[in-house]
*Asks:* 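Following this message is one structure expressed as structure tokens.
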Amino acid sequence: QVQLVESGGGLVQSGGSLKLSCAASGRTFSTPTVAWFRQTPGKEREFVAAMTWRGGSTDYADSVKGRFTIFKNNAENTVYLQMNSLKPEDTAVYYCAATNRYGVSRFGSFYNYWGQGTQVTVSS
């Protein structure tokens, strides 16, 4: 089993920055791919970014490309999402996800471990 715990959410003004963290514990060696998704009430969960632990392959949703960066600290088993130039439409609950499959994917069904989520609110 793998446990994921997100932190770092909060309230920020439009144009500001936040850095989310996802601390992984348990059988983390079995999860070569990690990702961030987000969800707002009444909408489907939306892919944000993904990366592989070893190879460093990354993928970003078009809506966040150039503003968000996913990166990791292998020694601490932690994945981060640096979010810059935040917009009100970035407001959502952000979830960390991991999978024991290889490669990056934008589909939530590809991931079998999920964190509890952290709220990000961007005010205009």
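Worth saying up front: this structure is predicted, and the values here are computed from it rather than measured.
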*Asks:* First locate atom CD of Gln3, then atom OH of Tyr113, and finally report the distance between them rounded to the nearest 0.5 Å.
*Replies:*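 One finds 9.0 Å between CD of Gln3 and OH of Tyr113.
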*Asks:* Within the side chain of Thr118, is there an N or O that forms a donor-acceptor pair under 3.5 Å with the backbone of Gly9?
*Replies:*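 Such a contact is found between Thr118 side chain and Gly9 backbone.
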*Asks:* Output yes when a side-chain donor or acceptor of Tyr111 lies under 3.5 Å from a complementary backbone atom of Ser105, and no otherwise.
*Replies:*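 The answer is yes, because a donor-acceptor pair under 3.5 Å joins these two groups.
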*Asks:* Please report the closest heavy-atom contact between Thr99 and Pro32, naming both atoms and the distance.
*Replies:*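 Shortest heavy-atom contact: O-CD, 3.1 Å.
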*Asks:* Minimum heavy-atom separation for Ser85 and Asp90, please, with both atom names.
*Replies:*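 Taking every non-hydrogen atom into account, O-OD2, 4.4 Å.
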*Asks:* Looking at CD of Gln82 and CZ of Phe71, how far apart are the two atoms once the value is rounded to the nearest 0.5 Å?
*Replies:*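 Here the interatomic distance stands at 6.0 Å.
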*Asks:* If you measure from CG on Asn77 to OG on Ser25, what distance do you get to the nearest 0.5 Å?
*Replies:*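 Result: 8.5 Å between the selected atoms.
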*Asks:* Would you confirm whether the ring centroid of Phe68 sits within less than 6.0 angstrom of the ring centroid of Trp36?
*Replies:*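 No, the ring centres sit 6.0 Å or more apart.
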*Asks:* Which heavy-atom pair separates Phe47 from Ala61 by the least distance, and what is that distance?
*Replies:*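 Closest approach of Phe47 to Ala61: O-CB, 3.4 Å.
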*Asks:* Apply side chain to side chain contact (heavy atoms under 4.5 Å, CB included) to residues Lys87 and Val122 and explain how you reach the verdict.
*Replies:* CA-CA 6 Å; Lys87 305 174 182 180; Val122 184; 5.5 Å; no
*Asks:* Kindly say whether Asn112 contributes a backbone atom to a donor-acceptor pair with the side chain of Arg101 at under 3.5 angstrom?
*Replies:*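 A pair under 3.5 Å: no.
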*Asks:* Is the backbone of Ser57 close enough, under 3.5 Å, to the side chain of Thr52 for a donor and an acceptor to pair up by distance?
*Replies:*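 Looks like yes, one N/O pair under 3.5 Å.
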*Asks:* Is Lys65 salt-bridged to Asp62, going by a charged N under 4.0 Å from an acidic O?
*Replies:*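 Yes.
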*Asks:* On a heavy-atom basis, which atom in Ser123 and which in Leu11 lie closest, and how many Å separate them?
*Replies:*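 Nearest heavy atoms, Ser123 then Leu11: CB-CD1, 4.3 Å.
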*Asks:* Quick one: do Met51 and Tyr95 end up in the same hydrophobic cluster if we chain Ile, Leu, Val, Met, Phe, Trp and Tyr together by side-chain heavy atoms under 4.5 Å apart?
*Replies:*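 As far as the 4.5 Å side-chain criterion goes, Tyr95 and Met51 are not connected within one cluster.
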*Asks:* Where is the tightest heavy-atom contact between Thr78 and Ser21, given as atom of each residue plus distance?
*Replies:*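 The pair with the smallest heavy-atom distance is CG2-CB, 4.3 Å.
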*Asks:* Donor-acceptor check, side chain of Tyr60 to backbone of Ile70, threshold 3.5 angstrom: yes or no?
*Replies:*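 Answer holds: yes.
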*Asks:* Cut-off 3.5 Å, side chains only: do Ser17 and Asn84 have a donor facing an acceptor?
*Replies:*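 Result is yes, a qualifying pair exists.
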*Asks:* May I have the step-by-step check of side chain to side chain contact (heavy atoms under 4.5 Å, CB included) for Gln119 and Thr91, ending in yes or no?
*Replies:* CA-CA 8 Å; Gln119 176 71 47; Thr91 295; 4.0 Å; yes
*Asks:* Is there a donor-acceptor pair closer than 3.5 Å between any side-chain N or O of Glu6 and the backbone N or O of Leu20?
*Replies:*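 No, Glu6 side chain to Leu20 backbone: no donor-acceptor pair under 3.5 Å.
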*Asks:* Assess whether side chain to side chain contact (heavy atoms under 4.5 Å, CB included) is satisfied between Leu81 and Val79, documenting all intermediate values.
*Replies:* CA-CA 7 Å; Leu81 184 68; Val79 178; over 6 Å; no
*Asks:* Check the hydrophobic clustering (I, L, V, M, F, W, Y; side-chain heavy atoms under 4.5 Å; chains of links allowed) and say if Met83 and Tyr80 are grouped together.
*Replies:*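 No; tracing contacts between hydrophobic side chains, which count when under 4.5 Å, never links both residues.
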*Asks:* Between Arg38 and Ser63, which heavy-atom pair has the shortest distance, and what is it?
*Replies:*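 Nearest pair, atom of Arg38 first, then Ser63: NH2-OG, 3.5 Å.
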*Asks:* Report yes or no: do Val12 and Tyr94 belong to one cluster of Ile/Leu/Val/Met/Phe/Trp/Tyr joined by side chain heavy-atom distances under 4.5 Å?
*Replies:*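 Linked within one cluster.
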*Asks:* Val48, Val34: one ILVMFWY side-chain cluster at the under-4.5 Å cut-off?
*Replies:*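 Yes: a chain of side-chain contacts under 4.5 Å links Val48 to Val34.
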